[in-house]
Amino acid sequence: MPTPLIVIVRLRPRAGAEDELLDVFRRFSPGVFLERGCEKFALHRDDDVFMVVERWESREIWEEHLAQPENARLNAALAPLLAHPADVWDLLPLEIGDPEKSLI
């Protein structure tokens with residue numbers, strides 16, 4: 001069984017671009033949801049920061065996602081809306097007890 005991969009992305013939009021950023025995600029997320037191995041692709045917000053929490057079946061499948069032309073289009077649509085480049089963390093999950101509570 002492959003080891004899942006958790007990806008956290010921090011996005012800091014330019015002032016006034018928050019609604020546009022949300023619209024980009026609404027436009028592109030349905031395609032991501034359908035990609036092989038995408039188990040979670042969730043957007044969260046705290047004032048001027050957006051966080052994407054992703055869960056992929058494996059690192060290899062996430063790398064396939066990164067190579068998709070649709071992913072390139074998503075990143076191109078986001079780029080002019082960002083005040084800073086996205087911060088991306090790719091992490092391995094660690095179970096610390098009850099897997100229902102301790103794993104994303």
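Note that these values count all heavy atoms, side chains included, but never hydrogens, waters or copies made by symmetry. Worth saying up front: this structure is predicted, and the values here are computed from it rather than measured.
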Q: How would you list, by chain and number, every residue that makes a side-chain hydrogen bond (donor to acceptor under 3.5 Å, both in side chains) with Arg45, sequence neighbours excluded?
A: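 If we apply the side-chain hydrogen bond (donor to acceptor under 3.5 Å, both in side chains) test to Arg45, skipping adjacent residues, there are no hits.
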Q: If we ignore angles and hydrogens, is there a donor and acceptor under 3.5 Å between the side chains of Glu54 and Trp56?
A: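 Side-chain D/A pair, Glu54 to Trp56: present.
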Q: Does Val9 reach the side chain of Leu11, with side-chain heavy atoms less than 4.5 Å apart?
A: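 The answer is yes; the side chains approach within 4.5 Å.
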Q: Taking only residues at least two apart or on different chains, which pairs with a member in residues 93-104 satisfy salt bridge (Lys or Arg N to Asp or Glu O under 4.0 Å)?
A: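 Non-adjacent pairs meeting salt bridge (Lys or Arg N to Asp or Glu O under 4.0 Å): zero.
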Q: Name each donor-acceptor pair under 3.5 Å that joins a side chain in residues 75-89 to protein atoms two or more places apart or in another chain, with its distance.
A:
from: Asn75; atom 1: ND2; to: Asn71; atom 2: O; distance (Å): 3.3
from: Asp87; atom 1: OD2; to: Arg10; atom 2: NE; distance (Å): 2.9
from: Asp87; atom 1: OD2; to: Arg10; atom 2: NH2; distance (Å): 2.6
from: Asp87; atom 1: OD2; to: Arg12; atom 2: NH2; distance (Å): 3.1

Q: Could you tell me whether the side chain of Arg73 reaches within less than 4.5 Å of the side chain of Phe28, counting heavy atoms only?
A: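 Phe28 vs Arg73: side chains touch.
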Q: By the rule that ILVMFWY residues connect when side-chain heavy atoms come within less than 4.5 angstrom, directly or transitively, which residues belong alongside Ile96?
A: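 Once heavy-atom contacts under 4.5 Å are chained together, Ile96 still belongs with nothing else.
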Q: Let's go through Leu66 and Gln68 carefully: what are the C-alpha distance in whole Å and the side-chain angles of both, what is the deciding distance for side-chain contact (heavy atoms from CB on, under 4.5 Å) to 0.1 Å, and is it a yes or a no?
A: CA-CA 6 Å; Leu66 294 178; Gln68 295 296 316; over 6 Å; no
Q: When rounded to the nearest 0.5 angstrom, what is the spacing between CG in Leu91 and CZ in Arg59?
A: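 The CZ atom of Arg59 is 9.0 Å from CG of Leu91, to the nearest 0.5 Å.
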Q: Show your reasoning for whether side-chain contact (heavy atoms from CB on, under 4.5 Å) applies to Met51 and Asp46.
A: CA-CA 8 Å; Met51 302 292 284; Asp46 180 24; over 6 Å; no
Q: Test of understanding: with side-chain hydrogen bond (donor to acceptor under 3.5 Å, both in side chains), list the residues that count as partners of Arg27, not counting sequence neighbours.
A: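 Listed in chain order: nothing, the list is empty.
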Q: Stepwise, does the side-chain contact (heavy atoms from CB on, under 4.5 Å) test hold for Leu92 with Ile6?
A: CA-CA 6 Å; Leu92 296 176; Ile6 307 302; over 6 Å; no
Q: Looking only at heavy atoms, what is the nearest atom pair of Pro93 and Pro4, with distance?
A: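 So the two residues come closest at CD-O, 3.2 Å.
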Q: For residues 29-43, dump all side-chain donor-acceptor pairs below 3.5 Å to protein atoms at least two apart in sequence or in another chain.
A:
from: Ser29; atom 1: OG; to: Phe25; atom 2: O; distance (Å): 2.8
from: Glu35; atom 1: OE1; to: His65; atom 2: ND1; distance (Å): 3.0
from: Glu35; atom 1: OE2; to: His65; atom 2: ND1; distance (Å): 3.0
from: Arg36; atom 1: NH2; to: Glu64; atom 2: OE1; distance (Å): 2.8
from: Arg36; atom 1: NH2; to: Glu64; atom 2: OE2; distance (Å): 2.8
from: Glu39; atom 1: OE1; to: Arg55; atom 2: NE; distance (Å): 2.5

Q: Going through the checks in order, is the side-chain contact (heavy atoms from CB on, under 4.5 Å) test met by Ile104 and Val53?
A: CA-CA 9 Å; Ile104 294 175; Val53 178; 4.2 Å; yes
Q: Using the rule that Ile, Leu, Val, Met, Phe, Trp and Tyr join whenever any side-chain heavy atoms are under 4.5 Å apart, tell me whether Ile8 and Leu74 fall into a single cluster.
A: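 In one cluster: no.
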